[in-house]
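The structure appears right after this line, and notes come after that.
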Amino acid sequence: MLVLLSTIGIARASQPEPDQMLIERGRYLAQAGDCVACHTSTAKGAAPFAGGLKMAVPMLGSIFATNITPDPETGIGRYTVQDFARAVREGVAKDGHNLYPAMPYPSYSKVSDEDISALYAYFMHGVKPVKQANLAPEIPKLLQMRWPLKLWNLVFLDTERFKPIPENSVEWNRGAYLVQGLGHCGTCHTPRGIGLQEKALDQRGSAYLSGAELGGWFASNLTSNPITGIGTWSAQDIVDFLKTGANSHATAFGPMTEVINNSAQWMTDQDLAAMAVYLKSLAAAGTPIPQHGPVDPKVMAHGAQVYQNYCVSCHLPNGKGTAPWLSPLAGNPNVLEGNPVSLINVTLNGTEALVIDGVPAPYPMPAHRLALTDAQIADALTFTRNSWGNQAPAVTARDVKTLREQTGHDK
């Protein structure tokens, strides 16, 4: 027995200490990938990366994010670096079962071996192990079978690593790598096809980052579209938005608030500048705004009255707000987007506060679902979308009613 204990002690002592620089690099990359947002429950006191976050799966039900702490029983403590790489880049767990594509492995497939090694070092040595069992998906039993995901991967998963384009600058390539890979921007901002796959995974596809509806929000168009995209933004405007969640054109809300709070603001200025260079290079794309005739004057008059009573104190009579704290509405690409779902959602339910360097923003958008009727919200948004030079289709009370029932916070 003493010999055995001595042998174990010698073995442990002979193991090299984790490379602290590699762990720190992995921590930075995990922040760039915003891993904590999906793998941490919203329950009070939830441990980081211990899983439990409920996520809706279109037409199926809900699944729960898994524990990715280094706990050997309930987490990934027994994963080798090869197991880890396969899960991150191919969506296959250590035991061979396929992960749901809610895990953005189609984007992470582009991540380099060096960055995978750094991430592995961080999750194994820089994250506290938490013993917390994973939750079963809330999906009909027949639809819980994982083998169809193998076919999905066969058709839709591109396992090729990111390859720099030599004729483009080092900065452009770094930005492309971050946006396409760990940043997984396309997961939300690229429309989905019939198989719920992203219609494009990089700038070679015209649909890439052209905006998409997801989970009751419309993830903005990130191409150079001058109306609904970021075509009028400078590279510095993009950096400012990613660093603080606001600029002179718009303010982050909805799921993007989490991205700013957990991820983008902590990235280096060099990486944010590189992302801006890449995004500015994307050709204008996006669904054309539907043709629409003049808005009913009665709707505009009623909307103006609601705006005066509930919106003007923050967004001002001219719709210009007071950037960066109070979002402008005039010329705001989110206001001009043909799909109004984000505007309805943020008006109904408000948004969490941006927290920059630990300091909450002073004026988060409040929820109005208990104060305003469907018709009042619809008319106020129609007024906003057709004032101060804005032109966009009217919002109907039915649109508001539908989202009110889907989000259901007042039930």
Side-chain angles (χ1 to χ4, degrees), residues 213 216-218 220 227-228 241 244-257 289-290 292-355 360-411:
E213 183 174 349
W217 299 92
F218 189 88
S220 304
I227 298 173
T228 60
F241 187 86
T244 68
N247 59 23
S248 61
H249 303 277
T251 300
F253 56 81
M256 193 64 194
T257 303
I289 297 175
H292 59 97
V295 179
D296 186 339
K298 292 182 179 179
V299 169
M300 288 293 287
H302 182 228
Q305 182 180 22
V306 177
Y307 183 89
Q308 180 67 32
N309 292 339
Y310 288 90
C311 313
V312 74
S313 59
C314 289
H315 298 289
L316 304 186
N318 59 8
K320 291 185 177 180
T322 308
W325 305 115
L326 298 168
S327 177
L329 301 178
N332 186 317
N334 297 301
V335 175
L336 298 172
E337 175 59 51
N339 186 333
V341 65
S342 281
L343 298 182
I344 297 171
N345 202 333
V346 77
T347 305
L348 279 170
N349 303 311
T351 189
E352 297 295 321
L354 289 161
V355 182
Y363 308 111
M365 176 74 173
H368 289 91
R369 66 182 301 128
L370 299 180
L372 296 175
T373 67
D374 297 339
Q376 286 175 314
I377 291 175
D379 290 355
L381 292 178
T382 297
F383 168 79
T384 299
R385 284 158 66 84
N386 291 278
S387 298
W388 321 298
N390 293 344
Q391 289 187 338
V395 178
T396 69
R398 182 182 293 274
D399 295 332
V400 180
K401 182 177 184 292
T402 298
L403 198 61
R404 185 191 291 271
E405 292 173 349
Q406 289 174 357
T407 53
H409 297 308
D410 52 355
K411 292 183 179 179

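- Taking NZ of K320 as the start and OG of S327 as the end, the distance is 14.0 Å to the nearest 0.5 Å.
- A 4.5 Å side-chain heavy-atom check between R385 and V295 finds every atom pair outside the cut-off.
- Atom OG1 of T407 and atom CD of E405 lie 9.5 Å apart (nearest 0.5 Å).
- Ring geometry for H368 against Y310 counts as perpendicular: the plane angle is over 60°, on a 0 to 90° scale with 30° as the lower cut.
- Rounded to the nearest 0.5 Å, atoms CD1 (I344) and OG1 (T402) are 8.5 Å apart.
- Note that CE of M300 is 13.5 Å distant from CD of Q305, once rounded to the nearest 0.5 Å.
- Between F383 and W388, the angle of the ring planes goes over 60°, which puts this pair in the perpendicular group of the 30/60° scheme.
- Residue T251 comes nearest to A246 through the heavy atom pair OG1-CB, 3.9 Å, listed as atom of the first residue, atom of the second, then distance.
- The two atoms that bring R404 and T373 nearest to each other are NH2-C, 3.8 Å, heavy atoms only.
- Side chain of N386 to main chain of A392: a donor-acceptor pair is present (N/O by atom type, distance under 3.5 Å, no hydrogens or angles).
- Nearest heavy atoms, T351 versus G254: OG1-N, 3.0 Å.
- Side-chain atoms of N390 and T384 include no donor-acceptor pair closer than 3.5 Å.
- If you check the side chains of S342 and N345, you find no donor sitting under 3.5 Å from an acceptor.
- Between M365 and V346, the shortest heavy-atom contact is CG-O, 3.6 Å.
- Here the side chain of N309 pairs no donor or acceptor atom with the backbone of V306 at under 3.5 angstrom.
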**OP:** Step by step, work out the side chain to side chain donor-acceptor pair (under 3.5 Å) result for T382 and D379.
**Re:** CA-CA 5 Å; T382 297; D379 290 355; 5.1 Å; no

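- Among all heavy-atom pairs drawn from I377 and L348, the shortest one is CD1-CD2, 3.6 Å.
- Contact detail for P340 and V395: the closest heavy-atom pair is CB-CG2, 3.8 Å.
- The OH atom of Y307 sits 11.5 Å away from atom CG of L381, with the distance rounded to the nearest 0.5 Å.
- Rounding to the nearest 0.5 angstrom, the gap separating the CZ atom in F253 from the CG atom in N349 is 12.0 Å.
- Within 6.0 Å of CD in E352 there are 12 or fewer heavy atoms belonging to other residues, nucleotides or ligands.
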**OP:** Starting from the C-alpha separation in whole Å, work towards a yes-or-no answer on side-chain contact (heavy atoms from CB on, under 4.5 Å) for K298 and H302.
**Re:** CA-CA 6 Å; K298 292 182 179 179; H302 182 228; over 6 Å; no

